[in-house]
Protein chains: 2
Amino acid sequence: MAGPIPLRARDRARAEVMSELLAAARARLESEGSAALSLRAVARDLGMASSAVYRYVPSRDALLTLLIIEAYDAVGEVAEKAAGSGSDPAQTWLEVARAVRRWALDQPYSFELIYGTPVRGYRAPDDTVRAAVRLWGVIIGLLMRAAGEGVLAPTGPDFDPAGRMAPEALATAGWTDPDEVPDEIARIAVRSATLFTSLVGAISVELFGHLHHVAQDYARFFDVTIATSAAGVGLRISLD
Amino acid sequence: MAGPIPLRARDRARAEVMSELLAAARARLESEGSAALSLRAVARDLGMASSAVYRYVPSRDALLTLLIIEAYDAVGEVAEKAAGSGSDPAQTWLEVARAVRRWALDQPYSFELIYGTPVRGYRAPDDTVRAAVRLWGVIIGLLMRAAGEGVLAPTGPDFDPAGRMAPEALATAGWTDPDEVPDEIARIAVRSATLFTSLVGAISVELFGHLHHVAQDYARFFDVTIATSAAGVGLRISLD
DNA sequence: TGGGAAACGAGAGCAGTGCTCTCTGCTGTG
DNA sequence: CACAGCAGAGAGCACTGCTCTCGTTTCCCA
């Protein structure tokens with residue numbers, strides 16, 4: 001295993017151009033959305049020929065993929081930070097949800113990029129999975145902590161968890177044999193998706209305009225949606 | 001008020017071309033998605049010059065808008081049909097959700113068109129609102145019936161409904177003065193959004209690939225998500 | 001029964017896109 | 001110091017949405 005190869009001048013130049021490229025692309029994404037993100041425009045912003053960009057990025061979709069990973073990481077970090085401070089799992093979940101919503105409102109096009117319609121011809125490469133998983137980690141962590149503290153009281157229906165979770169997901173959590181996972185744990189894992197869904201759903205619905213003429217105070221409306229779903233999962237959030 | 005003007009030959013021809021145009025556009029939408037829907041391609045399918053299409057549709061976005069209305073109406077009809085047959089409101093909601101999911105899986109691009117990332121530069125014209133409201137109508141109807149039958153027992157948190165709903169929405173339901181709406185009704189209206197969100201969210205999350213490597217049996221996973229959220233709203237769905 | 005206006009369709013053209021290919025310099029290394 | 005490899009530029013292809021112009025057809029009304 002050789003140590004890190006010293007960066008020669010050319011490599012440093014390359015890394016620098018690459019980061020300028022990403023910065024320019026991110027700027028255009030935030031201001032105009034992914035559909036309007038054109039490789040040629042980014043090249044113009046950098047003062048280089050469009051063909052030169054292809055030395056750094058194999059295609060427009062690949063550039064978008066890099067931005068997708070950045071966005072997953074950003075939202076994951078926001079969630080982790082919001083989860084770190086709280087004590088009561090239920091109220092902490094509300095804080096996490098609020099933080100993610102705020103992030104989404106601040107950079108709507110980044111949210112769209114990852115949770116909206118997938119980019120045509122795009123197939124999530126493994127790089128994105130690692131980043132995408134961070135938000136799930138926060139949710140599962142909260143639920144496990146709540147279960148450990150004995151404050152998890154789901155009001156949703158009971159169900160047989162067998163065959164609902166993908167084995168890979170359970171393997172990630174440490175259970176190699178899906179049959180060995182206690183039903184209680186498996187049920188929590190399945191229910192965690194309800195939190196994830198309500199979060200992504202509530203933000204999408206608001207951001208994509210489906211609450212237009214329906215809700216008035218969007219922030220408080222959001223809180224109700226999150227808290228109502230969370231009750232089914234077992235987290236009792238109190239509002240107001 | 002003059003009666004319907006008799007359709008002259010030219011009008012009939014125009015209507016026919018228009019419907020062929022829509023059919024061709026729908027076909028391309030279903031097979032390749034909205035991003036790849038090109039007006040020129042549709043024109044080629046019809047054997048006409050691309051410029052001629054502009055006699056019928058002012059722009060590509062306007063053509064998409066027509067397809068959006070169609071999609072809203074289709075999903076609304078699916079929901080209404082599914083709601084019509086059931087008796088128990090809770091189980092009926094599960095059936096409605098399942099029916100909408102099935103519709104979305106059958107025509108994913110239509111679902112994306114209305115509930116995914118909005119088309120750039122698109123601002124919902126009033127025509128779409130009427131169609132978009134149909135699904136909301138089904139949800140509110142179910143909740144009102146449940147409340148009337150006394151089987152609505154929300155486990156989600158209590159909250160002050162004031163200022164959360166948009167006055168327009170309450171006006172549509174018959175209350176001209178927002179202050180006159182009973183709190184109980186207003187709370188139901190706010191909570192109805194949780195059902196809407198869980199439905200749209202659960203389908204989006206599945207369709208857009210966020211359950212890849214997470215869920216195994218997607219249909220049963222979906223049921224849990226819907227039922228768990230519904231418990232918070234007050235509909236007790238039993239699974240299995 | 002004409003004549004004129006409106007509608008229709010075709011074609012060329014503009015500005016933009018993603019992407020490829022070729023050509024020219026510059027860089028780093030044996 | 002020479003040579004391989006790399007960065008960048010530019011032209012070009014096929015495609016897009018959209019506009020403008022030009023004949024042709026259709027309809028309505030005098």
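Residue numbers begin at 1 in each chain, while the letters A, B, ... track the order of the sequences.
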Using whole Å, what does the distance between atom [atom2] of nucleotide [N] and atom [atom1] of [X] come to?
{"X": "B:Arg60", "N": "C:dT17", "atom1": "CZ", "atom2": "C1'", "value": "13 Å"}
{"X": "A:Arg14", "N": "D:dA7", "atom1": "CZ", "atom2": "C1'", "value": "9 Å"}
{"X": "B:Leu21", "N": "C:dC8", "atom1": "CG", "atom2": "P", "value": "13 Å"}
{"X": "B:Met48", "N": "C:dG11", "atom1": "CE", "atom2": "P", "value": "12 Å"}
{"X": "A:Glu32", "N": "C:dT17", "atom1": "CD", "atom2": "C1'", "value": "14 Å"}
{"X": "B:Leu39", "N": "C:dA10", "atom1": "CG", "atom2": "C1'", "value": "16 Å"}
{"X": "B:Asp11", "N": "D:dT26", "atom1": "CG", "atom2": "P", "value": "14 Å"}

Quiz item: A:Phe196 and side-chain contact (heavy atoms from CB on, under 4.5 Å): which partner among A:Val200, A:Thr194, A:Leu199?
Solution: A:Val200
Quiz item: Checking B:Arg134 against B:Tyr72: charged group under 6.0 Å from the ring centre and within 45 degrees of the axis?
Solution: no
Just to confirm, is there a sub-4.0 Å distance from OP1 or OP2 of [N] to any side-chain nitrogen or oxygen of [X]?
{"X": "B:Tyr54", "N": "C:dC8", "value": "no"}
{"X": "B:Ser50", "N": "D:dT16", "value": "no"}
{"X": "A:Arg44", "N": "C:dT17", "value": "yes"}

So, does [X] use its side chain to make a donor-acceptor pair with the main chain of [Y] at under 3.5 Å?
{"X": "A:Ser229", "Y": "A:Ile226", "answer": "no"}
{"X": "A:Arg28", "Y": "A:Val42", "answer": "no"}
{"X": "A:His210", "Y": "B:Ile114", "answer": "yes"}

Self-check item: Pairwise 5' ranking along DNA chain C for A:Ala41 and B:Ala52, keeping only the more 5' one
Solution: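 The residue closer to the strand's 5' end, by nearest nucleotide, is B:Ala52.
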Exercise. Report which part of the nucleic acid A:Leu37 touches: base, sugar-phosphate, or nothing (heavy-atom distance under 4.0 Å, all strands).
Key: sugar-phosphate
Quiz prompt | Polar side-chain contact B:Arg55-C:dG9 base: donor and acceptor under 3.5 Å | solution =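 Answer is yes: a donor-acceptor pair is held.
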Self-check item: Polar side-chain contact A:Arg40-C:dG16 base: donor and acceptor under 3.5 Å
Solution: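 Absent.
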Quiz item: With nearest nucleotides of DNA chain D determined for A:Ser51 and B:Ser59 from heavy-atom distances, which residue corresponds to the more 5′ nucleotide?
Solution: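 Here A:Ser51 is the residue nearer the 5' end.
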Quiz prompt | Closest to the B:Tyr56 side chain, choosing from C:dA10, D:dG17, C:dC8 | solution =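 Among the listed nucleotides, the one closest to the side chain of B:Tyr56 is C:dC8.
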